[in-house]
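One structure is given below, encoded as structure tokens.
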Amino acid sequence: METYPITVGGVTRHVPLIEPLPGRRIPLVEFLGDPEFTRAAAEALRPLVPKEAEILFTTETSPIPLTHVLAEALGLPYVVARRRRRPYMEDPIIQEVQTLTLGVGEVLWLDRRFAEKLLNQRVVLVSDVVASGETMRAMEKMVLRAGGHVVARLAVFRQGTPGLAVDTVAELPVL
Ligand SMILES: O=P(O)(O)OC[C@H]1O[C@H](OP(=O)(O)OP(=O)(O)O)[C@H](O)[C@@H]1O
Ligand SMILES: Nc1ncnc2[nH]cnc12
């Protein structure tokens with residue numbers, strides 16, 4: 001399998017080059033199962049978190065360990081939007097995502113008991129990769145619908161030109 005080197009915070013990984021759409025190859029970022037890479041990325045993002053931040057908000061799947069490590073370092077709680085409806089969800093916030101970066105549309109789900117944690121809070125959006133920016137846009141809508149205020153949008157890697165402003169610490173190529 002062809003790989004591509006990606007580096008953040010002085011830690012390098014040779015990750016698979018995938019082709020989610022014909023003629024568009026991208027390095028696949030994955031934090032799951034890699035504590036050293038995850039810690040390096042969280043440390044790189046940490047200075048970008050505004051002092052007034054009260055809670056972090058992320059999505060399944062790969063950004064979860066990243067957000068967990070960052071939240072622990074900051075002493076802040078975090079909330080995770082799911083990518084599938086779970087049977088125990090009550091009155092969830094349901095948000096469509098228009099992204100086709102990986103060739104599929106998505107829906108994000110946030111159980112009301114977690115949405116309540118965002119009410120009147122200063123929220124930081126956290127992701128691993130921002131490409132089209134549509135996932136971030138959907139996350140922001142969810143925070144607004146939950147009654148929170150977004151004070152920063154952060155991702156480790158930027159890929160191409162996202163459709164909204166996101167602070168990042170490294171670039172990914174589209175090959
Ligand atoms: O800016 P966008 O074009 O919206 O792309 C970025 C999104 O894509 C990735 O999720 P992915 O679909 O890989 O989910 P996974 O972590 O569950 O594999 C990433 O975690 C962001 O959520
Ligand atoms: N390079 C990438 N790695 C993982 N998830 C992604 N989503 C969009 N681009 C991605």
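Being a predicted model, the structure only gives us computed values, none of them experimental. Both ligands and their constituent atoms are indexed starting at 1 by order of listing.
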Per-atom contacts, ligand 2 versus [X] - under 4.0 Å to a heavy atom:
{"X": "Leu172", "result": "1 (N)"}
{"X": "Leu28", "result": "3 (N), 4 (C)"}
{"X": "Pro27", "result": "1 (N), 2 (C), 3 (N)"}

message: Apply side chain to side chain donor-acceptor pair (under 3.5 Å) to residues Tyr78 and His68 and explain how you reach the verdict.
response: CA-CA 7 Å; Tyr78 68 99; His68 183 101; 2.7 Å; yes
Q. Looking only at distance, does Asp128 have an N or O less than 3.5 Å from an N or O of ligand 2?
A. no
Report yes if Val29 has an N/O atom closer than 3.5 Å to an N/O atom of ligand 2; otherwise report no.
yes
To atom 10 (C) of ligand 2, the nearest of Val130, Thr61, Val129, Ile6 on a heavy-atom basis is Val129
Candidates Glu134, Arg83, Glu30, Glu60; heavy atom nearest atom 22 (O) of ligand 1 found on Arg83
When you look for heavy atoms under 4.0 Å from ligand 1, do you find them on the side chain of [X], its backbone, both, or neither?
{"X": "Asp128", "value": "side chain"}
{"X": "Ser132", "value": "both"}
{"X": "Pro63", "value": "side chain"}

Scanning both residues in full, the closest heavy-atom pair of Thr168 with Leu48 reads O-CD1, 4.4 Å
side-chain hydrogen bond (donor to acceptor under 3.5 Å, both in side chains) test vs Gln95 passes for just one of Arg145, Arg137, Glu106, Glu140, namely Arg145
Could you tell me if any non-hydrogen atom of Gly133 lies under 4.0 Å from any atom of ligand 1? yes
Within the 4.0 Å heavy-atom cut-off, what Glu30 brings close to ligand 2 is neither
To the nearest 0.5 Å, atom CG of Asp111 lies from atom CD of Glu116 at 9.0 Å
The side chain to side chain donor-acceptor pair (under 3.5 Å) partners of Ser127 (sequence neighbours excluded) come to none
The salt bridge (charged side-chain N to carboxylate O under 4.0 Å, His left out) partners of Arg85 (sequence neighbours excluded) come to none
Paired with Leu154, the side-chain contact (heavy atoms from CB on, under 4.5 Å) test is passed by just one of Val169, Val49, Leu125, namely Val49
- prompt: Using the ring of each side chain (for Trp, its six-membered ring), is Phe37 parallel, tilted or perpendicular to Phe31, with breaks at 30° and 60°?
  reply: parallel
